[in-house]
Amino acid sequence: MTADSIVLRRCHGIDELRACVALQKEVWNFSDAELVPLRMFVVADKVGGQVMGAFDGKEIVGFALSVPGTRTGHIYLHSHMLAVRKDHRNGGLGRRLKLLQREEALSRGIELIEWTFDPLEIKNAYLNIEKLGAIARRYNINQYGITSSPLQGGLPSDRLIAEWWLKSRRVETLLASGKNPPVVAEGGIEVPAQIYEWKAAPETRGKAQQVQERNREQFLRAFAHGLAVLGYERDTVGNGKYLLGRWDENWSYASEG
């Protein structure tokens, strides 16, 4: 099937939610104790969250799970997981799932979707910042503890918080034109392309941790000075670079965390 023939819609019924749990296990290879259980998918669907699926025929090949949250009296969605089966990646399916989340959220008057992402994941950062128009101005240290997923490479689970302001000028311009506004960069934070290899091998994991610790300090310092991640660059060999500047819009549900 082509990517265009994959059907995106809300998941229905226990069997489709159970298939999401199985795909989660396949993508992250978490221990059973760390899996988001079926009951949580059911609850999310019942209490105003979202369980969106991507279906190749009857087979689920991707899903997005979000739960509702509140901050300073405002309702928003926290998108906890986005999974795409390995053989369906790099075709824009993750972005399509996020845009379906946006469409459904706006239909309910929700203006913000947030999620966390690993600052060392270059492809994911590019999707979030450049393809969706999210910004980041908060950083959580070791948010989930040391996890069992091989993708984490045994490192602390540091996370950037993506803020996706669904009706912001930034997002609406990107979706209409395919381009983010130009960034007046006041700083940059680099992630080497070799980070995946370094995380995967015990003998080089120390190098990955040095990058993580260096970048953590740079993010915390930049955010303390009012900067935000507004752009992301990748060079021809796959190195990534966060571009930090001052966001000229006033969207905020300010609070801790």
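We're numbering straight along the sequence, starting at 1. Everything quoted here is computed from the prediction, not taken from an experiment.
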query: Between CD1 of Ile135 and CG of Leu227, what distance do you get to the nearest 0.5 Å?
result: 11.5 Å
query: Has the side chain of Tyr253 got a donor or acceptor atom that lies under 3.5 Å from a matching backbone atom of Ile75?
result: no
field: Donor-acceptor under 3.5 Å (Tyr242 side chain, Val191 main chain)
entry: no
field: Phe30 side, atom CZ; Leu35 side, atom CG - distance, nearest 0.5 Å
entry: 7.5 Å
- prompt: Are Gln143 and Asn140 close enough that a side-chain donor and a side-chain acceptor fall under 3.5 Å?
  reply: yes
- prompt: Taking 4.0 angstrom as the limit, do Arg214 and Glu190 come out as a salt bridge?
  reply: no
task: Look at atom NE2 of His225 and say whether more than 12 heavy atoms of other residues, nucleotides or ligands are closer to it than 6.0 Å.
output: no
task: State plainly whether the residues Glu130 and Arg234 are in salt-bridge range, i.e. N to O under 4.0 Å.
output: no
query: If you take all heavy atoms of Ala134 and Ala162, which pair is closest and at what distance?
result: CB-CB, 4.1 Å
For Thr116, all residues meeting side-chain hydrogen bond (donor to acceptor under 3.5 Å, both in side chains), sequence neighbours excluded: Tyr144
message: Under a plain distance cut-off of 3.5 Å, with no hydrogens placed, do Thr204 and Glu197 share a side-chain donor-acceptor pair?
response: no
message: Tell me whether Arg205 contacts the main-chain N or O of Gly154 through its side chain, where contact means a donor paired with an acceptor under 3.5 Å.
response: no
task: Answer yes or no: is there a side-chain heavy-atom contact under 4.5 Å between Leu244 and Ile189?
output: yes
message: Is there a path of hydrophobic side-chain contacts, each under 4.5 Å between heavy atoms of I/L/V/M/F/W/Y residues, joining Tyr232 to Val184?
response: no
- prompt: Do the numbers put Arg9 on top of the ring of Phe55, so that NZ or CZ is under 6.0 Å from the six-membered ring centre and no more than 45° off the axis?
  reply: yes
- request: Output, in order, the C-alpha distance, side-chain angles, deciding distance and verdict of side chain to side chain contact (heavy atoms under 4.5 Å, CB included) for Leu120 and Leu155.
  value: CA-CA 11 Å; Leu120 300 180; Leu155 299 183; 4.0 Å; yes
message: Using modelled atom types and a 3.5 Å cut-off, is there a donor and acceptor pairing between side-chain atoms of Asn180 and backbone atoms of Lys131?
response: no
- prompt: Any side-chain heavy-atom pair from Leu112 and His74 closer than 4.5 angstrom?
  reply: no
- request: Decide if atom CD of Glu103 counts as having more than 12 heavy atoms of other residues, nucleotides or ligands within a radius under 6.0 Å.
  value: no
- prompt: Considering all heavy atoms of both residues, which atom of Ile161 and which atom of Glu114 are nearest to each other, and what is their separation?
  reply: CG2-OE1, 3.9 Å
Leu77 CG to Gln101 CD distance, which is reported to the nearest 0.5 Å: 7.5 Å
task: Check whether any side-chain heavy atom of Ser168 lies under 4.5 Å from a side-chain heavy atom of Trp247, and answer yes or no.
output: yes
- prompt: When hydrophobic residues are tied together by side-chain contacts of less than 4.5 Å, even through go-betweens, does Trp115 share a cluster with Leu99?
  reply: yes
query: Does the side chain of Trp198 come within less than 4.5 Å of Pro192's, by heavy atoms?
result: yes
Which atom of Phe223 lies closest to which atom of Ala136, heavy atoms considered: CE2-O, 3.5 Å
task: Compute the centroid of each ring, for Tyr76 and then for Trp165, and state whether the two points are separated by less than 6.0 Å.
output: no
- line: Of all heavy-atom pairs linking Arg108 and Gly49, the shortest is NH2-O, 3.9 Å
- request: Decide, yes or no, whether a salt bridge links Lys241 with Asp235 under the criterion of side-chain N to carboxylate O below 4.0 Å.
  value: no
message: I need the Asp118 CG to Asp158 CG distance, nearest 0.5 Å.
response: 8.0 Å
- prompt: Heavy atoms, side chains only, cut-off 4.5 Å: are Phe63 and Leu65 in contact?
  reply: yes
query: Picking from Gln50, Glu104, Glu16, what satisfies side chain to side chain donor-acceptor pair (under 3.5 Å) with Arg10?
result: Glu104
- request: Say whether Lys207 and Gln210, considering side chains only, have a donor N or O and an acceptor N or O under 3.5 Å apart.
  value: no
query: Between Arg216 and Tyr139, is NZ or CZ placed under 6.0 angstrom from the six-membered ring centre and within 45° of the ring axis?
result: no
- request: Without swapping roles, check the side chain of Asn142 against the backbone of Ser157 for a donor-acceptor pair under 3.5 Å.
  value: yes
query: Is any side-chain heavy atom of Val67 closer than 4.5 Å to a side-chain heavy atom of Met40?
result: yes
query: Would Arg159 and Ile141 satisfy side chain to side chain contact (heavy atoms under 4.5 Å, CB included), going step by step from the backbone distance to the final call?
result: CA-CA 7 Å; Arg159 294 292 184 266; Ile141 299 171; over 6 Å; no
message: Pairing donors with acceptors under 3.5 angstrom, does anything connect the side chains of Asn128 and Trp164?
response: no
- prompt: To the nearest 0.5 Å, what is the distance between CG (Leu230) and CD (Glu249)?
  reply: 10.0 Å
message: Can you tell me which residue among Val211, Asn239, Val237 is in a side-chain contact (heavy atoms from CB on, under 4.5 Å) with Gln194?
response: Asn239
- prompt: With Glu163, which of Arg170, Arg71, Arg137 fulfils salt bridge (Lys or Arg N to Asp or Glu O under 4.0 Å)?
  reply: Arg137
- prompt: Can a cation-pi geometry be assigned to Lys167 and Trp251, taking NZ or CZ under 6.0 Å from the six-membered ring centre and within 45° of the ring axis?
  reply: no
query: Are Lys58 and Asp15 within salt-bridge range, i.e. N to O under 4.0 Å?
result: no
field: Nearest atoms (heavy-atom pairs only) where Pro68 meets Val47
entry: CG-O, 3.4 Å
query: Given Arg96 and Leu100, is the side chain to side chain contact (heavy atoms under 4.5 Å, CB included) satisfied, shown in steps?
result: CA-CA 6 Å; Arg96 289 176 62 198; Leu100 181 61; over 6 Å; no
query: Are any of the side-chain heavy atoms of Glu233 and Tyr126 separated by less than 4.5 Å?
result: no
- request: Count the heavy atoms of every other residue, nucleotide or ligand shown that sit under 6.0 Å from NZ of Lys25, and state whether that count exceeds 12.
  value: yes
query: Could you walk me through whether Val51 and Cys20 pass the side chain to side chain contact (heavy atoms under 4.5 Å, CB included) check?
result: CA-CA 9 Å; Val51 188; Cys20 291; 4.0 Å; yes
field: Heavy-atom closest contact (Pro156 atom, Gln209 atom, distance)
entry: CD-NE2, 4.2 Å
- prompt: So do the side chains of Val61 and Val84 get within less than 4.5 Å of each other, counting heavy atoms only?
  reply: no
task: State plainly whether one hydrophobic cluster holds both Leu174 and Ile129, where clusters connect Ile, Leu, Val, Met, Phe, Trp and Tyr through side-chain heavy atoms under 4.5 angstrom apart.
output: no
Euclidean distance, Lys98 NZ relative to Leu93 CG, rounded to 0.5 Å: 12.5 Å
query: Please, which pairs that meet salt bridge (charged side-chain N to carboxylate O under 4.0 Å, His left out) have at least one residue in residues 72-92, sequence neighbours excluded?
result: Glu26-Arg85, Glu59-Arg85
